[in-house]
Amino acid sequence: MHFADRQRLLDPGPMALEMGYERLDTGVLHIAIRTDMHGCKGKMLDWWFGWFDTTQKYVWWHPTDHVSSNWDDAWRPGSYIGSTNIVKERMSTPEIHDVHIHFVDPADLFGADEVASAIDEGRISAIVIAQSGIGEEPFRDEQGRPCGAYLCHVVRDTEWGAVLRSHFWLGEGGPIDDPDILAEVIPDEAGVGIVRHAYNEFTYLSRLLPSLYIAERRDIEAPRDPWPE
């Protein structure tokens, strides 16, 4: 699936690629991961990105791969769109990567009406989308935002929790447009590592997110005890 076909992610029906990676004719490496997040909801994942503000919390997310996390000055509690998360992380291998992740408004890439309709109809419950760049000084677009890849997390609530579809397009929007060169710079092995990394990090997160969300928002959303009076 090309990045231009991302609207397909607003449809909860089965996709040709739910788990794995593929080399597109453009040379871009497309990666798809599906994670069942029991006990979670889309609003919880959206809240998480506006709440984790320290390396300690970032390590909770993935204890083995996440190394450090910092945000730029645009980040505010509860508001991550328009800000950049600068992290050091592994991708299921010993090598540590510097990654700059700039979060954008889903309405800008999916359309405001399309997103609103998908949420109202229960086809999705949240979208987190970002453009990213690798290295201490990644390639940047005309607005100064890191680029060279896109990531998209689309959540659909279920009776038992939520289904998360995570998609990555490595090489999309970057300075290289030659398919052969992209395939050399971004080998297929990167797809293997990211499949494992993303599945693990959101499985880890699903184990702590529900209780954390309830505790941190107890003055806003009254908790429901498992064994009420």
Discussion item. To the nearest 0.5 Å, what is the distance between CE on Met15 and CE on Met1?
Written reply: 4.0 Å

Item to complete: Hydrophobic side-chain clustering at under 4.5 Å (ILVMFWY, transitive links): who's grouped with Tyr204? Put none if nobody.
Response: none

Worksheet item: In Å and rounded to the nearest 0.5 Å, what is the CD1 to CD1 distance from Ile176 to Ile186?
Response: 7.0 Å

Practice prompt. Decide, yes or no, whether a salt bridge links Lys43 with Glu221 under the criterion of side-chain N to carboxylate O below 4.0 Å.
Written response: yes

Worksheet item: Given a cutoff of under 4.5 Å between side-chain heavy atoms of I, L, V, M, F, W and Y, with clusters grown through shared members, what are the other residues clustered with Trp160?
Response: Val163

Fill in: Phe139 atom CZ, over 12 foreign heavy atoms within 6.0 Å
yes

Worksheet item: Atom CD in Glu18, atom CD1 in Ile33: separation rounded to 0.5 Å?
Response: 11.0 Å

Can you give the donor-acceptor pairs under 3.5 Å from side chains of residues 126-135 to other protein atoms, not counting sequence neighbours?
unit_1	atom_1	unit_2	atom_2	d
Gln131	NE2	Asp141	OD2	3.0
Gln131	NE2	Pro146	O	3.1

Practice prompt. Please round to the nearest 0.5 Å and tell me the distance separating atom OG1 of Thr55 and atom NZ of Lys88.
Written response: 10.5 Å

Fill in: Side-chain (Arg145) to main-chain (Glu142) donor-acceptor, under 3.5 angstrom
no

Discussion item. Between Trp71 and Phe103, is the ring centroid distance below 6.0 Å?
Written reply: yes

Worksheet entry | Distance, nearest 0.5 Å, that separates CE of Met91 from CG of Asn200 | 12.5 Å

Response to the item:
Separation between CZ (Arg156) and NZ (Lys41), nearest 0.5 Å, reads 10.5 Å

Discussion item. Regarding His2 and His30, do their side chains bring together a donor and an acceptor under 3.5 Å, going by distance alone?
Written reply: no

Worksheet item: For the side chain of Glu201 and the backbone of Ala198, is there at least one donor-acceptor N/O pair under 3.5 Å apart?
Response: no

For residues 44-52, which side-chain N or O atoms pair as donor and acceptor with protein atoms under 3.5 Å away, sequence neighbours left out?
unit_1	atom_1	unit_2	atom_2	d
Asp46	OD1	Tyr80	OH	2.7
Trp51	NE1	Glu216	OE1	3.4

Fill in: Side-chain cluster (under 4.5 Å, hydrophobic types only) that Val67 belongs to, other residues
Ile96

Discussion item. Counting neighbours of CZ on Arg196 that are heavy atoms of other residues, nucleotides or ligands and sit closer than 6.0 Å, is the number greater than 12?
Written reply: no

Item to complete: Determine the interplanar angle of the His66 and Tyr58 rings, folded into 0 to 90°, and report it as parallel if under 30°, tilted if 30 to 60°, perpendicular if over 60°.
Response: parallel

Discussion item. How close do His153 and Phe168 get, counting heavy atoms only, and between which atoms?
Written reply: CE1-CZ, 4.2 Å

Discussion item. Ring-plane angle category for Phe3 and Trp169, please: parallel below 30°, perpendicular beyond 60°, tilted otherwise.
Written reply: perpendicular

Per-pair distances, 0.1 Å, donor-acceptor, side chain in residues 106-122, under 3.5 Å, sequence neighbours excluded:
unit_1	atom_1	unit_2	atom_2	d
Ser117	OG	Asp113	O	3.0
Glu121	OE1	Arg123	NE	2.8
Glu121	OE1	Arg123	NH2	3.1

Worksheet item: Between His167 and Ala32, which heavy-atom pair has the shortest distance, and what is it?
Response: CE1-CB, 3.4 Å

